[in-house]
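Order of appearance sets the numbers: ligands from 1, and atoms from 1 within every ligand.
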Amino acid sequence: MNLLFYSAGENGAAWLEAFARALPETRIGTWPGASVSQVDYAILWKPPRELLGQLGEAKAVFNLGAGVDGIGDLAALRTTVPIIRLEDAGMTEQMIEYACHAVLRRYREFDVYAEQQRTGVWRQRRRIGKRAFGIGILGLGVLGSAVAIALSRFGFPVYGWSRSPKAIPGVETRAGAAEFDSVLGQAQVLICLLPSTAETRGLLDRRRLARLPQGAYVVNLARGNILVDEDLLSLIDEGHLAGAMLDVFRDEPLPGAHAFWHHPKVTVTPHVSAATLIDESVAQIVAKIRRLEVGLPVTGVVERGRGY
Ligand code: NDP
Ligand code: OXD
C-alpha cells in the first residue's frame with residue numbers, strides 16, 4: 001500500500017514517524033518528491049491545489065483536522081475520491097476545557113475582578129442568576145454537542161443550533177435558519193463551533209450579533225471567517241456586547257496591526273482551543289484505512305455538497 005503525506009504545518013517528521021510505526025508494511029512518500037499516481041491514501045493538511053488535482057486515483061484523502069476547509073478547494077479533487085476528516089481524536093476534551101473556561105470566566109466575572117485588583121478595589125459583586133444565564137452553541141456536531149452537554153452539567157440553560165434537528169439531553173436544540181434568532185436572543189455567551197462553509201462564512205455579522213442580549217460575550221472556536229471582525233468590534237465599543245474570547249482568525253497568525261491584539265475587551269489565543277494530537281489522529285486514520293481496505297464503511301466522510 002502507498003501512502004502520501006503532505007502537511008503545510010510543523011511536525012512533519014513526527015507525523016511520518018508515527019504513521020511508519022503504525023503501518024510498518026506501507027510505503028510512505030511525501031510531496032513534492034513521491035510519485036502521486038500510485039497513491040492509495042493521501043493524508044493532507046492545507047495541500048496545494050496542484051497536488052489535489054493529481055490524486056484522482058486515490059482510494060481516499062484524509063484531512064489532518066476536523067475542519068475540512070484545511071483541504072482548501074474541495075472541487076480540485078475528483079468527486080469519486082472520498083474526503084475523510086478527523087472526528088474528536090482528542091480534540092473534544094480540549095474544546096470542552098476551553099469553552100468551560102470562557103463561560104465561567106464571564107459568568108463569574110473574573111475579568112471584572114482582575115480590573116478591580118489592578119486598581120486595588122475590594123468589592124464583592126452580586127451573584128448572577130444562573131437560570132437566566134443562557135449559553136448559545138452554534139454547531140452541534142462532534143465538538144459542539146460535547147461542549148453543550150458539559151456546560152449543561154454546570155446548570156446553565158444551553159441552547160444549541162445545527163442544520164438538522166437534534167435531541168441532546170439537557171440542551172434545548174434548534175435547527176435551521178428560521179430558528180437561529182431564538183438561540184441568539186437567549187445567549188449571554190455565544191460559542192461558535194460551526195464549520196466554515198458557503199453558508200456560515202460571514203454569518204456572525206452586525207445584524208446577527210446585534211440580536212444577542214445586551215452584555216453578551218462571543219467565543220469563536222471554529223473559524224475566523226464566520227465572524228465579521230469590524231462588526232464585533234463596533235458592537236463591543238458601542239456597549240452592546242461585553243467582549244469576546246477568540247481562538248481563530250481570518251488571517252493566521254493574527255496580523256500585528258489587527259485591533260483584536262490590544263482591545264481591552266478581547267482575549268486572543270493562537271488557534272489552540274483543540275490541538276491536533278499526533279498519536280490519537282494517526283490511530284484514527286489507520287483504523288479507518290484498515291476498514292476501507294476490507295470494504296467496510298467509515299465515519300467522517302465529508303459531504304461535498306454541504307461543505308463539511
Ligand atoms: P461537525 O461536522 O461534527 O459539526 C458541525 C456542526 O455544525 C453540525 O452540528 C452541523 O449541523 C452544524 N452546521 C453546519 N452548517 C450549518 C449551518 N449552515 N447552519 C446550522 N448548523 C450548521 O464538526 P466538529 O464539531 O468536529 O468541528 C466543528 C468545527 O470546529 C470544525 O469545522 C473546525 O472549523 C472547528 N475546529 C476548530 C479547532 C480549533 O482548534 N480552534 C479544532 C477543531 C475544529 P448538522 O449536525 O445538522 O450537520
Ligand atoms: C481543526 C483545527 O480543524 O485544528 O482540526 O482547527
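Polar contact with ligand 1: absent for Ala275 (N/O pair, distance under 3.5 Å). Residue-to-ligand polar distances place Val142 within reach of ligand 1: an N/O pair is separated by less than 3.5 Å. In terms of polar-atom proximity, defined here as any N/O pair under 3.5 Å, Thr200 makes no such contact with ligand 1. Ligand 1 has no nitrogen or oxygen under 3.5 angstrom from a nitrogen or oxygen of Val272. When only interatomic distances are considered, the shortest N/O to N/O separation between Trp161 and ligand 1 does not fall below 3.5 Å. Remark: ligand 1 and Leu193 share no N or O pair separated by less than 3.5 Å (distance only, no angle test). By the 3.5 Å distance cut-off applied to N or O atoms, Ala66 is counted among the residues near ligand 2. Inclusion of Thr197 in the set of residues having an N or O under 3.5 Å from an N or O of ligand 1 is not warranted.
Residue Met91 approaches ligand 1 through these ligand atoms, each under 4.0 Å from one of its heavy atoms: 42 (C), 43 (C). Those atoms of ligand 1 with a heavy atom of Val248 less than 4.0 angstrom away are 41 (N). Heavy-atom proximity to His271, at under 4.0 Å, picks out these atoms of ligand 2: 2 (C), 4 (O), 6 (O). Counting atoms of ligand 2 from 1 in the listed order, those under 4.0 Å from a heavy atom of Met91 are 5 (O).
Ion pair Arg78/Glu57 flagged as a salt bridge, since at least one NZ, NE, NH1 or NH2 atom sits closer than 4.0 Å to an Asp/Glu carboxylate oxygen. Comment: Arg290 engages Glu25 in a salt bridge, judged by a side-chain N to carboxylate O separation of less than 4.0 angstrom.
Side-chain atoms of Glu252 never come within 3.5 Å of backbone atoms of Val248 as a donor-acceptor pair (strictly under, hydrogens ignored).
The closest approach between a heavy atom of Glu87 and any atom of ligand 1 is not below 4.0 Å. Proximity of Ser196 to ligand 1 is not established, as no heavy-atom distance is less than 4.0 Å. Taking 4.0 Å as the cut-off, Gln94 does not count as a neighbour of ligand 1 on heavy-atom distance. Residue contacts with ligand 2 leave out Arg85, since none of its heavy atoms falls under 4.0 Å from the ligand. In this structure, Leu86 has no heavy atom closer than 4.0 Å to ligand 2.
The protein heavy atom nearest to atom 5 (C) of ligand 1 is Pro195 CD, 3.7 Å. Nearest protein neighbour of atom 4 (O) of ligand 1, counting heavy atoms only, is Gly141 CA, 3.2 Å. Scanning all protein heavy atoms for the shortest distance to atom 15 (N) of ligand 1 gives Tyr308 CE2, 3.7 Å. Protein heavy atom closest to atom 26 (O) of ligand 1, with residue, atom name and distance, is Arg85 NH1, 2.9 Å. Looking from atom 13 (N) of ligand 1 to the surrounding protein, the closest heavy atom is Leu194 CD2, 3.6 Å. Atom 46 (O) of ligand 1 has as its closest protein heavy atom Lys166 NZ, 2.6 Å. Summary of contacts: the protein heavy atom closest to atom 18 (N) of ligand 1 is Glu199 OE1, 2.9 Å. In terms of protein heavy-atom proximity, atom 37 (C) of ligand 1 is closest to Leu221 O, 3.1 Å.
Comparing Asp69, Leu143, Leu203 by heavy-atom distance to atom 25 (O) of ligand 1, the nearest is Leu143.
Lys130 forms a cation-pi arrangement with Phe156, by the criterion of a distance under 6.0 Å to the ring centre and an angle within 45° of the ring axis. A cation-pi arrangement is absent between Arg105 and Tyr107, since the terminal nitrogen or guanidinium carbon is not both under 6.0 Å from the aromatic centre and inside a 45° cone about the axis.
Ring pair Tyr6/Trp31 is perpendicular by interplanar angle, where above 60° counts as perpendicular and below 30° as parallel.
Put simply, the side chain of Val266 reaches to within 4.5 Å of the side chain of Leu233, judged on heavy atoms. In this structure the side chain of Asp229 never reaches within 4.5 angstrom of the side chain of Leu246, judged on heavy atoms.
With a heavy-atom cut-off of 4.0 Å, Gln94 does not touch ligand 2 at all.
Among all heavy-atom pairs drawn from Ala99 and Leu221, the shortest one is CB-CD1, 4.2 Å.
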Practice task
Test salt bridge (Lys or Arg N to Asp or Glu O under 4.0 Å) on Arg206 and Glu230 and set out the steps.
Solution key: CA-CA 9 Å; Arg206 185 176 178 93; Glu230 304 72 35; over 6 Å; no
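Tracing side-chain contacts under 4.5 Å through hydrophobic residues (I, L, V, M, F, W, Y), one reaches Ile43 starting from Trp45; they form part of the same cluster. Hydrophobic clustering (side-chain heavy atoms under 4.5 Å, transitive across Ile, Leu, Val, Met, Phe, Trp, Tyr) keeps Val228 apart from Leu241.
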